[in-house]
Colleague: 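This is the structure I want to talk about, given as structure tokens.
Letters go in sequence order (proteins before strands), and every chain restarts at 1.
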Amino acid sequence: MSGHDDYTHTGSVDMTDNSTRIDQEAIDQLTALVGKYPQKRSALLPMLHYVQAIDGRVSPRGIEVCAEILDITPAQVAGVATFYTMYKRRPAGKHHIGVCTTALCAVMGGDALLETVERKLGITTEQTTEDGMFSLEKVECNAACDFAPVMMVNWEFMDNMTPEKAEQLLDDLAEGREVHSTRGPQITSWADSEKVLAGINDGKADEGPSAGTPSLEGVRLAAEKGWTGTPDAESQKGGDS
Amino acid sequence: MTETVPMAEMVTVTIDGTMVQVPKGTLAIRAAEAAGIAIPRFCDHPLLDPAGACRQCMIEIVDFGNGRGFPRPQPACTTETAEGMVLNTQETSNAAAKAQADILELLLINHPLDCPVCDKGGECPLQNQAMAQGRCETRFEGTKRHFPKPIPLSELLLLDRERCVMCTRCTRFADQISGDPMISLVERGAKQQVGIYPEEPYDSYFSGNAVQICPVGALTSSDYRFSARPFDLVSTVSTCENCAAGCEIRVDARRGEVKRRNAGENPEVNEEWTCDRGRFGFVSNRGEDRITKPMIRKGKKWEPISWPEALSIAVKALRKANDRVGVLTSGRLTLETAYTYSKFARTVLKTNSIDFRARPSSSEEADFLATQVAGRKDSITYADLEKAKKVILVAFEPEDESPMVFLRLRKAVRKKGLQVETLAPFMSRGSQKLGATLTLTAPSELPKAIEASEADADTIILVGEVLAQIPGGLTAVVDKVEASSAKMVWIPRRAGEIGAIEAGCLPGLLPGGHPVSDTTAVKDLEALWGTELPTTQGLDASELLKKAAQGDLKVLITAGIEAGDFRDSQEVIDALENTFVISFESRMSDVTKYAKVVFPVALLEETEGTFLNWEYRAGIVRQAINQQRTPLTEIRILAALAEALGSNLGFRTPMGAADSLAEIPIWGGAKPTPDKVKATEVPTLDKGQLVVSTWRELLDDSRCLDGADSLRATSRPIAAKVSVGTAKDAGLEDATTVRIASEKGSLILPLVLDPTMVDGVIWVPTRAKGHALSSIGVGLGSTVAVDSPDSKEGEK
Amino acid sequence: MTATLAPVLTRNWGTDRSWTLEEYKAQGGYEALSKAFAMKPEEVISEVKDSGLRGRGGAGFPTGMKWSFVPQDNPKPKYLVVNGDESEPGTCKDIPLLMASPHTLIEGVIISAYAINAHTAFIYVRGEVVHPIRRMQRAIEEAYEAGLLGKNILGSGFDLDVIVHAGAGAYICGEETALLNSLEGLRGQPRLRPPFPAVAGLYQSPTVVNNVESIASVPSIIKYGKDWFAGMGTEKSQGFTIYSLSGHVRRPGQYEAPFGITMRQLLTMAGGIRTGHELKFFTPGGSSTPILTADHLDTVMDFESLAGLGTMLGTKAMQVFDDTTSVIRTTLRWVEFYKHESCGKCTPCREGTWWLVQLLTKLEAGQGEEGDVDKLLNVADTITGKSFCPLVEGAVACVTSAVKYFREEFEIGYTTPAWEHLPYEKSALFTIADKEVRS
């Protein structure tokens, strides 16, 4: 639910940039994704995530390769690639920054965060910094409203943001310092995240906490008050709080 | 349409107070039509799967048939009727009328106000709806959606995205009907639009249908764009001359010129579709080479002469020739014209030497046509194709050779689970779209493959015209039908071939299927025609050409033939050079070049007549424009020639010819039993030799397509195909082109490796521009030498 | 009446390494599975039916009944699809569940698939949340390694494969038929119904699509019994559920409670409105449900009571806004969301959201004209009730409910920009030095 855009430019894929890094290995990987599904076209969304991981965007070559593997037309692939907002037409940055500005986050400070990030990076939404380090988009509600206002880095949560925290975050990323998602692993790159979305496990499931504080507010209060939900909860209560 | 539905499956619904009976499950919008009530719609189309996208057809469901109604209006295009349903449309329900007006308002907020310059203006459903139901003034004061002006979807089609109402008729047509989803919805929400992948334009044989069903002016054709206003056009319902499918078409003309052609509505034949060749391929007679006056050749120069002079020169030559004459008609003539040639040959020239097969043919085929095709009363129909369990394609590529057969087969595959098997050298694009099972078959193995195929009474075998080139092929089909009780139908490419057979344009065949070899049949016709008929055996096309080349044929009458259409064009030219050619033509051609006299003939749109399609169904050709210049119809000219020769055809108009033909009953007597033709041995190939497989693609170098440059630009890329293994064996692995050589010459074509291709075979389009196989005297089943033009061996 | 919380699904979210199989099992995980395998599939369906479990994804359709619609005589394979496309503004309960306790869902998936005789299940998770997807992927690996997935699970003879599938950015894919299209590699546009997914869903085969929370609730029903579950909640809204509170409350977060709790009780548990401010309005169940105000604080938060107020329980996502908030600004943002997420298929949604955004933008900027509020309602009426799927009704609901309670504030939009009337920086949860904060 990301990617606001204007309505003037033409649709479809950016054909002015034909560069690609899709090689035989990438094609083999794309073909392997097909095998997970009862019907091969089901693999298209993961395949396009993978194309992005390799080419930094949905490249013309990526579209053609997906069409060939799935035995559908490139127009059909383009129809899908341009429907979903996570698929980028132009190269995303090493780090892809999202700022939620749907109603609740916007009101809680998301609009101010977006201004801060735009000013800091010197770009507006749907753009990438010249050094290729950052791209930026306004995201729609990211299912973390109890952590508002929310930012995303490479689709990892950056919860309860403030302008100060945002500036620090961008500085740290730019300098290559170690940055951790507030509810996730150490940040590496957007391309790495796209591979996970393609269905390729990166072994980082064990990083980060089980949940953020707001997710646990109810459990904490229940423990405090001695409220339980399940008949056998009493005996286990001790460990929970 | 003609099928009756058992009463048990009928339901009664009440629409605007009118009770109507419809088959259960009929969509409410169709049920309303049955009750004579038109509900406005944009996305709905009776031949496409329902979409429910535009929401224009909202109606009130007062009672769903279960005593309960719906609180809000529902779209009629997705509501299935059930017994006892009570529906109210905009005619009687304020709620329905308001819902429709609301949708219309929403559709118009982003629609440009460019009706005065829009091609659709005057015949636009959206415009009509806005006039009927729209507000006088807009309430929308905001910013409209803007897109840059038209973008090409192909050389033929342009898309004006601002006008599009997202009904998805075009994308659904492309995907569901023709199976060419090279157009797709792209983007989403307010930015959603129809698009192509820029590297793969919408080059479908059927793309023009998308323009025709577009309910607004979003899709236009580059050929017709800005050339006329709908209200200036005069429409004539006619029949397409581009193939034997028999499409009903609507010919729109203005000031004596045809401006566009659309598919007519004939549910039994083309439903509401036609192919791009039929739609756009009608301008070939508008060039500089159009002949409008009789001409005589003096040396290399042509001189116009008067009609009487031309007739007298022809008469002189014919008198001198006595019976050493022959007539080559073509498969492009109407039934009436073909009949006139046939009667002219028999009763005036007193010869049986007439043949319509201006293409590769054989005597086996002539026998097959006379015994299996001529005088057929119970032909297979389109409806039969839909009902069949299995169809076997034998040397037949429906998408290229008979596009409406292709669409009907595809419909049957999608809706009725028809199984298609193709005996072919590779999986063609058409076969792929039919989900066909491919039985890999090299040309010379066709007879064996036919014999081995599985067929029963629910199977229909579709036979293509190229099978004539494989000895024993047609014999194998006949044997198979006998052995399996399968049904069979021969589907020619050209519009006039079935008519030519019925008219008796074959040496052994008189009109109505009367065999020349049967004395009773001949007597019957002599009685009807009131004259004695020749009894000497006639010559067929290849015999006529051979005779002429030897100088033994004194006069050859040709009607619309082309040397390049035969298997060996040089043989045709050798013949033409050595005889006195009287040519009936509308344009100068490679045949008129060698003619002594040329009679200019009227164009199809200037005349009238009948085409019998492959089903034997008569399609009426109506005069769409007045004859502008001096040419006469061939019937008129032949009548004059007959009179000048002291004879009389008995008619001089198409109507007269039709009446004369109608007097001839279909021959009910015995048919000759032709000798069975044995299949030839499968050739053993030397290194570097391959067997040719070929058929004519729909859009090729056919002269009928001259002038339709945008249409031609959508034809498939010219390429020869071989299998990967064959390429390796022939040293063509890395070649991008291939040289194909016969004794008569060689051709160089781009080469494509096809993973589905049978080994030992090279497929070549029969008549690609600049690469006609006939120029090197090669056809289906020929053995040729191939090599890479880049390689060293190639230079030797 | 004092309300209490009842942590069932959220119970283990805070434990160390709660996402691992080891920890889940230590808490009694997968005990329900063995119990289910001892039952016949139709008995599992009855148990869930009788528990009164209703879908937690917004529509509240009885889960067991949905399962019973699957035609078992249909020879095609059956599919279970878990809808984890959590995207409705305000909704934030499924994502933490996937992250903290993926095995709860997997256990629910195995039992549910067993009940409907499905041997392939998909968990469709929106793409913009990588870590929950990672945890799901790992949990499924663990389950396969432990013989909880794959062939002959725990010796039961039942086979099941589970595939985690990441979306790619489209709110509409939360609509079940759009989700199925998306899962088939198509544009995520809704399909015509009938046929319903239970009859012809994924690959035109019988398919059950259930929300994450619904499926995750199944193991507890099997383990503790339908009577335990049905014993909680109200007459028609039985059991417990996760309420999500966000916005201007002191302790936003997830509060799992039996149905029957009121908004006032929930708000109190969340610490009330932030200091110095009062409640202005809230959504009861995500942005698609008409808003309510302080007058409705004592409403019982169940399906029936909210329907009685002309709104819906939806996803039980309460976005809470205090008196600093501009209702025009908030409404515009919601409508912009629907415009952005409109799939484009049908006219009312595609064109209607286009129009509404323009009208609201004018009002936010103080450039409205006399009559524009009526026009806004008129246009909303033009749009409503005609669309292919319910997406645009969310946009209409935002507008009509906001005007219903705050008409005067909208009329201020004829003269004064919203950011002047209610300075935006005052709504932020942090101090904004430089005052120019607006979109």
Colleague: Given a strict heavy-atom distance threshold of 4.5 Å, which part of B:Gln432 is in contact with chain A: side chain, backbone, both, or neither?
Modeller: side chain
Colleague: Which atoms of B:Pro181 come close to chain A, meaning under 4.5 Å heavy atom to heavy atom: side chain ones, backbone ones, both, or neither?
Modeller: both
Colleague: For chain B, find which of A:Pro60, A:Gly79, A:Pro74 contributes the most heavy-atom pairs closer than 4.5 angstrom.
Modeller: A:Pro74
Colleague: B:Leu409 versus B:Glu399: any side-chain heavy-atom pair under 4.5 Å?
Modeller: no
Colleague: Does the plane of the ring in B:His45 sit parallel, tilted or perpendicular to the ring in B:Trp273? Use 30° and 60° as the thresholds.
Modeller: parallel
Colleague: Is there a side-chain contact between B:Leu126 and B:Leu104 in this structure, where contact means two heavy atoms from C-beta onward sitting under 4.5 Å apart?
Modeller: yes
Colleague: Let me know if A:Ile63 has heavy atoms under 4.5 Å from chain B in its side chain, its backbone, both or neither.
Modeller: side chain
Colleague: For B:Thr439 and B:Glu421, does a side-chain donor sit closer than 3.5 Å to a side-chain acceptor?
Modeller: yes
